[in-house]
Amino acid sequence: MSADTIAIPGIAKPASRIALGTWAIGGSMWGGADDANASKTIDEALELGINMIDTAPVYGFGHSEEVIGKALEGRRGRVILATKVGLNWQDGKVFRDSRPARIEEEVEKSLSRLRTDYIDLYQVHWPDTRTPFEETARALENLVKSGKVKALGLSNFSPAQMDEFRKFAPVSAVQPPYNLFEREIERDVLPYAEKNNLVVLAYGPLCRGLLSGRMTADRKFEGDDLRKTDPKFQQPRFGQYLQAVEDLKAIANKYGKSMLALAIRWVLDRGPTIALWGARKPEQIAGVDDAFGWKLDAEDMKAIDAILAKDIKDPVGPEFMAPPLRA
Ligand code: NAP
């Protein structure tokens, strides 16, 4: 990779601006796991110069972390490991839980599954507004002091929530949804991150495959794949998003790039971002190099906005993914 990198406060080595997202590798909500392919995907990512992997305990209820821990045996030091905390589950039902006791339990489980004695970036997965942020922040700050965690991040937090949390512990990164079709953070989280020197780990940069350029209207989703109920993948809206992709391809062509490279480049050109590219097969990330070494100019940024406004009559955000609060 003609690697573009970014510094994350508290983490010694710079991170590649594309990180491997491993939700699908966990299997659940993505139609099942395939560990052999997952392991090859991690090998391929490292080979291509990606040095950051993002995961979470909830991805496959521990499975994603386990696969990563196994794949990284003997070379853990090469990678910036980002995982999360602050969700819990019972009988397969997920809910927010950032109580200190949950954090203390979860960190040990993550360290064990990841086969390591430290986590580079530990992110609160969703704000648990039933637990005072002070309690969550102080429990996490203790993990930083003990060396189990190098830096903290907040995912799916609003600026007001981040302000409250940051009174009690320093934060290095945020993790919101961000892609060509999900731009809500431009109103608040993105300017907040820029002002406060927080790196933005943009999740869903391919909008769950919609922006890969290979999604078709007749694609069948298997088993528990979340796209069976994702509102963007339901007609007639699905057709509007696919039409936008067709029109965006003309802009990608101007640069001699694929649609997928355009989607990733767009995220990288919008601020201090890292694109969390979700992949579960090695061939899916083969095009990493294509996203580096070029930039979208201002005129094409405007042309992209015009395509989105013309084609997507009935836009919808990623809110359907939000887990409930604790009972
Ligand atoms: P994504 O990166 O937008 O899309 C990933 C999906 O796109 C893949 O599973 C694959 O679907 C398809 N894809 C990827 N490369 C492709 C290629 N070359 N050709 C065709 N299709 C391709 O979505 P995401 O996994 O939801 O998000 C990325 C990461 O962000 C996650 O893995 C996770 O680490 C993080 N995330 C965090 C949160 C949070 O709340 N903090 C929420 C969501 C995601 P198929 O394999 O089905 O074809």
Side-chain angles (χ1 to χ4, degrees), residues 21-33 54-65 82-107 109-110 113 122-140 152-166 168-169 171 173-179 181-182 184-185 187-189 201-204 207-208 221 223-234 237 276 278 315-327:
T22 62
W23 183 12
I25 278 176
S28 63
M29 298 179 81
W30 286 87
D54 179 74
T55 183
V58 76
Y59 298 163
F61 304 112
H63 194 65
S64 174
E65 288 188 332
T83 191
K84 309 189 189 82
V85 68
L87 291 182
N88 204 339
W89 52 87
Q90 218 159 19
D91 307 323
K93 292 215 172 16
V94 175
F95 53 93
R96 306 179 196 198
D97 186 353
S98 291
R99 287 173 289 186
R102 173 66 182 160
I103 292 173
E104 281 149 27
E105 175 198 21
E106 201 60 49
V107 72
K109 288 185 178 166
S110 285
R113 289 188 291 245
Y122 207 32
Q123 306 156 101
V124 183
H125 207 148
W126 283 86
D128 167 11
T129 49
R130 297 240 156 107
T131 302
F133 286 178
E134 176 170 3
E135 288 181 18
T136 301
R138 292 203 192 281
L140 289 169
L152 299 177
L154 299 175
S155 182
N156 301 299
F157 276 56
S158 70
Q161 290 170 330
M162 290 193 263
D163 270 341
E164 174 65 14
F165 185 101
R166 291 173 62 238
F168 311 107
V171 170
V174 296
Q175 188 176 139
Y178 193 42
N179 60 60
F181 294 152
E182 293 171 339
E184 291 78 2
I185 68 162
R187 285 196 299 264
D188 50 10
V189 173
L201 276 67
Y203 77 68
C207 203
R208 300 171 289 291
F221 299 108
D224 66 348
D225 196 308
L226 78 162
R227 290 168 294 189
K228 281 181 170 171
T229 51
D230 183 334
K232 280 200 183 60
F233 289 76
Q234 316 306 318
R237 223 185 240 131
L276 292 185
V316 64
E319 308 77 33
F320 78 103
M321 281 195 275
L325 289 169
R326 269 185 293 125

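Among all heavy-atom pairs drawn from Gly62 and Arg113, the shortest one is O-CD, 3.5 Å. The minimum heavy-atom distance linking Val189 with Phe157 is given by the pair CG2-O, 3.8 Å. The minimum heavy-atom distance between Val316 and Glu319, with the atom names listed, is CG2-OE1, 4.3 Å. Of all heavy-atom pairs between Asp128 and Ser98, the closest is OD2-N, 2.9 Å. Contact record, Tyr203 with Ser155: CE2-OG, 4.2 Å, taken as the closest heavy-atom pair. Summarising the geometry of Leu325 relative to Pro127, their closest heavy-atom pair is CD2-O, 4.3 Å, with the distance given to 0.1 Å.
Formation of a donor-acceptor pair under 3.5 Å by the Ser110 side chain with backbone atoms of Val107 is not found in this model. Counting only distance, with no hydrogens or angles, the side chain of Arg130 and the backbone of Arg326 share a donor-acceptor pair below 3.5 Å. Judged by distance alone, the side chain of Asn179 and the main-chain N or O of Gly204 form a donor-acceptor pair under 3.5 Å. Gln123 contributes a side-chain N or O that, together with a main-chain N or O of Thr83, makes up a donor-acceptor pair within less than 3.5 Å. Between the Glu104 side chain and the Ala101 main chain, no donor and acceptor come within less than 3.5 Å of each other. With Asn88 contributing its side chain and Phe95 its backbone, the two residues share no donor-acceptor pair below 3.5 Å. Under a 3.5 Å cut-off, the side chain of Arg96 and the backbone N or O of Thr129 do not form any donor-acceptor pair. When atom types are taken as modelled, the side chain of Gln234 and the backbone of Asp230 share a donor-acceptor pair closer than 3.5 angstrom. Put simply, the side chain of Lys232 never gets that close to the backbone of Arg237: no donor and acceptor are under 3.5 Å apart. Looking only at distances, no side-chain donor or acceptor of Asn156 sits under 3.5 Å from a matching main-chain atom of Trp126.
Within the model, atoms CG of Leu154 and CG of Leu201 stand 11.5 Å from one another, a figure rounded to the nearest 0.5 Å. Within the model, atoms CG of Leu140 and CD1 of Ile103 stand 4.0 Å from one another, a figure rounded to the nearest 0.5 Å. Note that CZ of Phe168 is 6.0 Å distant from CZ of Arg138, once rounded to the nearest 0.5 Å. The OG1 atom of Thr229 sits 6.5 Å away from atom CG of Leu226, with the distance rounded to the nearest 0.5 Å. We find the CH2-CG distance between Trp23 and Leu276 to be 12.0 Å, quoted to the nearest 0.5 Å. The CG atom of Asp224 sits 11.0 Å away from the CZ atom of Arg227 when rounded to the nearest 0.5 Å.
Each of Glu164, Arg166, Met162 was evaluated against Phe133; a single residue qualifies, Glu164, per the side-chain contact (heavy atoms from CB on, under 4.5 Å) test.
Checked against side chain to side chain donor-acceptor pair (under 3.5 Å), Thr55 has the following partners two or more places apart in sequence or in another chain: Thr22, Ser64. Listed by chain and residue number, nothing satisfies the side chain to side chain donor-acceptor pair (under 3.5 Å) test with Lys228 (two or more places apart in sequence, or in another chain).
At a threshold of 4.0 Å, the pair Arg208-Glu182 counts as salt-bridged, since one of the basic side-chain nitrogens sits closer than that to a carboxylate oxygen. Looking at Arg99 and Asp97, a side-chain N of the basic residue comes within less than 4.0 Å of a carboxylate O on the acidic one, giving a salt bridge. A salt bridge between Lys109 and Glu106 is absent, with no side-chain N of the basic residue lying under 4.0 Å from a carboxylate O of the acidic one.
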*Does the ring-ring contact (aromatic ring centres under 6.0 Å, His included) test come out yes or no for Trp89 and Phe61, once each step is laid out?*
CA-CA 8 Å; Trp89 52 87; Phe61 304 112; 5.1 Å; yes
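You'll find the side chain of Phe233 reaches within 4.5 Å of the side chain of Phe221, heavy atoms only.
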